[in-house]
Amino acid sequence: MSLVPAPIPARLGAAALALTAVTPVALGGLLALRTGHLAPLGAVPAVVFGTLAATSPALYIASAAVGTAPPLPLVARAFATALGAFGVALAGLILPAAFLALSSVEPRTAMIVASGAVGAAALLGLRRLAIELAPDPLTPRIGGSVVFLIWTAATLGIAARLWLDFAVEVLA
Amino acid sequence: MSAAVEARGLVLLEQLLRDRGAIRARIAAGRDLAALTRVMVATIAIAMAVVGAALGSYRGGVQIAYAAIKLPLVLLGTAALSAPALTAIGAALGRRARLSADLALVITALAFGALVLVACVPLLMLGRALELPYHRMILATVAIFGLAGVASLRVVVTALAREAAPGCTSAVAGLCIVFALVGGQLAWALRPYLVRPRATDVVFVHEVEGSLFDAIGGALRSAQGIYTRDRAPLPDVDAREVEP
C-alpha cells in the first residue's frame with residue numbers, strides 16, 4: 001500500500017469542487033436558520049473564498065522567491081485539489097453540524113458548531129495543500145516549509161478575525 | 001426471515017466475536033456489504049434493546065420498555081450521522097472514498113461494542129440486585145459503556161491500520177470527535193435511561209431544554225457565579241409561598 005495520497009480522480013474532483021461551492025452556502029443557511037439573520041448565507045462563502053483569493057497569490061510568489069515553488073499549473077492544480085478536499089470534508093461534517101446546531105436552543109451553540117466544522121474542513125484542506133505542494137516528502141525543503149507555515153498562519157489568522165467579526169455581528 | 005438468512009446472520013455474529021479479521025477482509029474487499037450492514041444493524045438494535053431494558057430495570061415498570069426503545073435509536077442515529085465524516089475526512093487527505101464500506105465498518109464496530117455491552121448486562125443486573133446507590137450505578141454504567149467504546153474503536157483502528165492509506169489517523173480522530181459530540185447530544189436529547197427506583201413518574205423523553213452543550217455552557221457560567229435565573233427550580237417550592 002502506498003502512503004502517497006491518492007489524487008482526487010477527475011469525476012470526484014468535479015463533484016468535490018461542486019461540494020466546495022455548495023457546502024459553505026449550506027452552512028451559512030444553517031446559521032441563518034438558527035440565528036434568524038440572512039447575512040450568514042453570503043458571509044460564510046465570502047470569508048472562506050475571499051480569504052483564499054486574497055492570500056493565495058502570496059504563497060506562489062513567496063515560494064517562487066525562495067526557489068521551492070512548483071510550476072504555476074501545478075500550484076493551481078494543488079489549490080484546486082485542496083479546495084476539493086475542503087468541500088468533501090465540510091460535506092462530511094455538515095450533517096452532524098446540522099444536527100448539533102438545530103437541536104440546541106442557544107444560537108451561540110450553533111455558531112460554535114459551525115465554526116468548528118468550517119475550521120476543521122479548512123485545516124484538512126490546508127493539510128492537503130501542503131501534501132500536494134510537496135510531492136516528495138522524503139526530501140523536504142526548509143525554505144518552502146517555512147513559507148508555507150507563515151502563509152498558513154497569516155491565512156488562518158485573517159480568516160479567523162473575519163469570522164469572529166461576523167459571529168459577533170450575527171449574535172449581537 | 002428465512003432459515004438460510006437467519007443462519008447466515010448467526011455465522012456473521014460468530015465471525016464478529018471470534019474472527020474479526022475475516023469481517024475486516026470482507027469489508028476491505030467490498031463483498032456483500034449490504035447484507036453485512038443489515039445483520040449488524042439488527043444486532044445493534046437487539047443488543048442495545050437488551051442493554052436498555054437492563055438499565056431500565058433499575059427503576060422497573062414502563063422505564064424498561066422506554067430505555068429498550070431509546071438506546072438502539074441513540075446508537076444507530078449516531079452511526080448514521082457520524083459515519084460520513086470518516087469517509088469525508090479520509091477522502092480530503094487522499095484516502096479512497098468508500099462510503100458504503102466505511103458505513104459497514106462503523107456499524108460492525110458498533111455491533112461488536114453492543115455485544116460487549118450485552119456481555120456486561122449481568123453486571124448491571126448485579127448492581128440492581130445489590131441495590132447499588134443511584135450515583136454508583138451511574139458510574140458503573142459509564143465504565144461499562146467506556147469499555148464497549150474502546151472495544152468498538154479498536155475494530156475501526158485495526159481495520160484502518162491495515163489499510164495503511166494516507167489520512168487514516170486524521171479520519172479516525174475526526175470520527176471519534178464527531179461521534180462523541182453527536183452521540184452525546186442524541187443521548188442527552190433522548191434521556192433518561194437510568195431512573196431512580198423511587199421516581200414516581202417516568203417520561204419517555206424530557207422536555208426540550210437545550211442541547212448538552214447549552215447545559216455544559218450554563219453549568220460553566222453558573223460555576224463562575226453568572227446566573228441567568230433568579231433561583232433554581234426546586235421541587236415543591238413553587239407550591240409553597242416563598243418569601244422573597
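As the structure is a computational prediction, the values presented were derived from the model and not from experiment. Numbers restart at 1 for each chain; the letters A, B, ... are given by sequence-line order, proteins then strands.
Residue contact with chain B, scored on non-hydrogen atoms closer than 4.5 Å, involves the backbone and the side chain of A:Leu95 alike. With a 4.5 angstrom heavy-atom cutoff, B:Ala85 touches chain A via backbone and side-chain atoms both. Residue contact with chain A, scored on non-hydrogen atoms closer than 4.5 Å, is absent for B:Ile177. For B:Ala83, no part sits under 4.5 Å from any heavy atom of chain A, backbone or side chain. For B:Val178, the part lying under 4.5 angstrom from a heavy atom of chain A is the side chain only.
Between B:Leu93 and A:Arg128 the shortest heavy-atom distance is C-NH1, 3.5 Å. Summarising the geometry of B:Ala92 relative to A:Ala89, their closest heavy-atom pair is CB-CB, 4.0 Å, with the distance given to 0.1 Å. Residues B:Val182 and A:Pro96 approach most closely at CG2-CB, 3.4 Å, considering heavy atoms.
Within 6.0 Å of CG in A:Leu38 there are 12 or fewer heavy atoms belonging to other residues, nucleotides or ligands. Atom CZ of A:Arg77 sits in a sparse spot, with 12 or fewer heavy atoms from other residues, nucleotides or ligands closer than 6.0 Å.
The structure places CG of B:Leu186 at 9.5 Å from CG of A:Leu100, a figure rounded to the nearest 0.5 Å. With values rounded to the nearest 0.5 angstrom, A:Phe99 atom CZ is found 10.5 Å from B:Leu181 atom CG.
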Residues A:Ser104, B:Gln185; criterion side chain to side chain contact (heavy atoms under 4.5 Å, CB included); working and verdict:
CA-CA 9 Å; A:Ser104 80; B:Gln185 169 57 14; 6.0 Å; no
